[in-house]
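Remarks on the structure that follows.
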Amino acid sequence: MAEKSRLWTKGFILDTLVNFLIYIIYYMLMVIIASEAIHSLNATMSEAGLASGIFILGTLLARLFAGRSVELYGRKKMLYAGILFYLATTFMYFAIHSLPMLFLVRCLNGIGYGIASTATSTIVSTMIPAARRGEGINYYALSMSLAAAIGPFIGMLMQQIFPFEDIIYFCIGMIVVCLGAVAVMHVDEMELTEEHRAELKEIHIANFLEPKVTAISIVAFCVAVCYSSVLSFLASYAAELQLMAAGTLFFVVYALAITIARPIAGVMFDRKGEDFVMYPTYACLAIGLLLLSITTQSWMMLLAGVFVGLGYGTFMSNGQAICVKLVKEVRIGVAVSTYFIALDLGLGVGPYMLGAFKESLGFQGIYFFVGIAAIGCAALYYVLYARRRNAGHLVAADAEEAAVEEVEEEEFA
């Protein structure tokens, strides 16, 4: 029993490390690629933005197909495939001499990242004991939040000291470390029945997007749109307010808040249930965004960073825990991929949706609007997920299996 409830296994640690390095590379290149395109390829601002954002298009394409493939072809094989493709496409940065080539490489690099990150999230979800699911996924998700703080810092620092080629060599070195970690990592593969295998091979929407996690994924999309205002506009907003130092430290404070909150939130998720954790995340996100809408001093911006971290950072990991809870093991890959597609889509389209209001509302107006929208996300969560769950329309996979076994035992008796 103690073995079954162990969380910090060798596999869990290695998979979290691999995910951390994958995300470090993603954030490093995301923050420097636009300026590199402008200075090296004479790109316009819009072309530089496309070079940065087209990576997400590749990621979305990969996640759409990777969810089913992880179970169909093997979890470890798909992780190897994703990392190797990530490595190959990172080497391709050396061959970039034109903007079309940069767009192609960024898109392909996004595909490698999408496959690898979907595989790591699926693998870790199956390594965590069911009784410690919230806690485990929150610890694992720290690898993403820490990478979100460390990656941009390393990228911008290296850009000031080293040429772009040396930064790519550094990224390649980290991917090689990932390959070494995967080589010694033990991964329990799903033993598929012929029925399950045939079902996963069928070409229909449910094999690319998991229906059981539609509700929480819609909420995730809306939350990500709200958070995209921070990712896209904070630097410009901080410059407008002449609070550049606070703007630079915002994500450090954000990461520290998540680092402290996620382990606690994970334990509460397991002991008190998802609602006990999820509703406060919407409240914290709303407070953080509304604080930004009235920010005039550095301490206000940094305090907003704390609340945004407690809000979006905690929502992201616990939303994944809900997805894993709702599906059978054979469907975890598709469920996780569906959830992250919604998050990525929200982060991708959010800036375009919100940017349209910049002239009429200004940054303060946008942050006020998304702050109110974050409160609306709580209502959406209740209507789409919590109410239907309470009515018995959404049943956790382990509870569903227990009910089936109980019926079978009664029939046998």
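The figures that follow rest on heavy atoms only: side chains count, while hydrogens, waters and symmetry mates do not. FYI, the numbering just counts along the sequence from 1.
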* Verify ring-ring contact (aromatic ring centres under 6.0 Å, His included) between F55 and Y26, making sure each step is shown before the conclusion. => CA-CA 9 Å; F55 185 95; Y26 160 60; 5.3 Å; yes
G82 and I115 have their tightest heavy-atom pair at CA-CG2, 3.5 Å
Here the salt bridge (charged side-chain N to carboxylate O under 4.0 Å, His left out) pairs for residues 332-358, sequence neighbours left out, are R63-D344
side-chain hydrogen bond (donor to acceptor under 3.5 Å, both in side chains) filter on Q297, not counting sequence neighbours, yields W299
Query - Close aromatic pair by centroid cut-off 6.0 Å: Y279 and Y381 - result: yes
The complete set of salt bridge (charged side-chain N to carboxylate O under 4.0 Å, His left out) pairs with one or both residues in residues 134-146, sequence neighbours excluded, reads R132-E135
Heavy atoms of C226 and C377 approach each other most closely as SG-SG, 4.4 Å
Sorted by chain and number, sequence neighbours left out, side chain to side chain contact (heavy atoms under 4.5 Å, CB included) with L84 holds for L179
Sorted by chain and number, sequence neighbours left out, side chain to side chain contact (heavy atoms under 4.5 Å, CB included) with Q159 holds for I32, S35, E36, I167
Shortest non-hydrogen pair, I24 vs M174, comes out as CG2-CE, 3.6 Å
Y93 meets the side-chain hydrogen bond (donor to acceptor under 3.5 Å, both in side chains) criterion, sequence neighbours left out, with R106, N109
Here the gap from F20 atom CZ to I25 atom CD1, rounded to the nearest 0.5 Å, amounts to 10.5 Å
Polar contact flag, side-chain donor to acceptor under 3.5 angstrom, T120-D15: no
Contacts of L249 meeting side chain to side chain contact (heavy atoms under 4.5 Å, CB included) (sequence neighbours excluded), chain-then-number -> L302
Residue pairs passing the ring-ring contact (aromatic ring centres under 6.0 Å, His included) test with at least one member in residues 124-151, sequence neighbours excluded, are W8-Y139
Salt bridge (charged side-chain N to carboxylate O under 4.0 Å, His left out) pairs touching residues 269-289, sequence neighbours excluded, are E274-K325, E274-R389, D275-R389
Practice item. Before giving the answer on side chain to side chain contact (heavy atoms under 4.5 Å, CB included), spell out for L14 and H186 the whole-Å C-alpha distance, their side-chain angles and the decisive distance to 0.1 Å. Key: CA-CA 9 Å; L14 288 174; H186 173 73; over 6 Å; no
Between S125 and Q320 the two heavy atoms that sit nearest each other are OG-NE2, 3.5 Å
Residues passing the ring-ring contact (aromatic ring centres under 6.0 Å, His included) test with Y339, sequence neighbours excluded, are none
Would you call the rings of F250 and Y254 parallel, tilted or perpendicular, taking 30° and 60° as the class edges?
parallel
For C284, the side chain to side chain contact (heavy atoms under 4.5 Å, CB included) test, sequence neighbours excluded, returns F307, L310
In short, F269 meets V277 closest at the heavy-atom pair N-CG2, 3.5 Å
Residues passing the ring-ring contact (aromatic ring centres under 6.0 Å, His included) test with F91, sequence neighbours excluded, are none
Closest non-hydrogen atoms of S229 and V370, given as atom of the first, atom of the second and distance, are OG-CG2, 3.7 Å
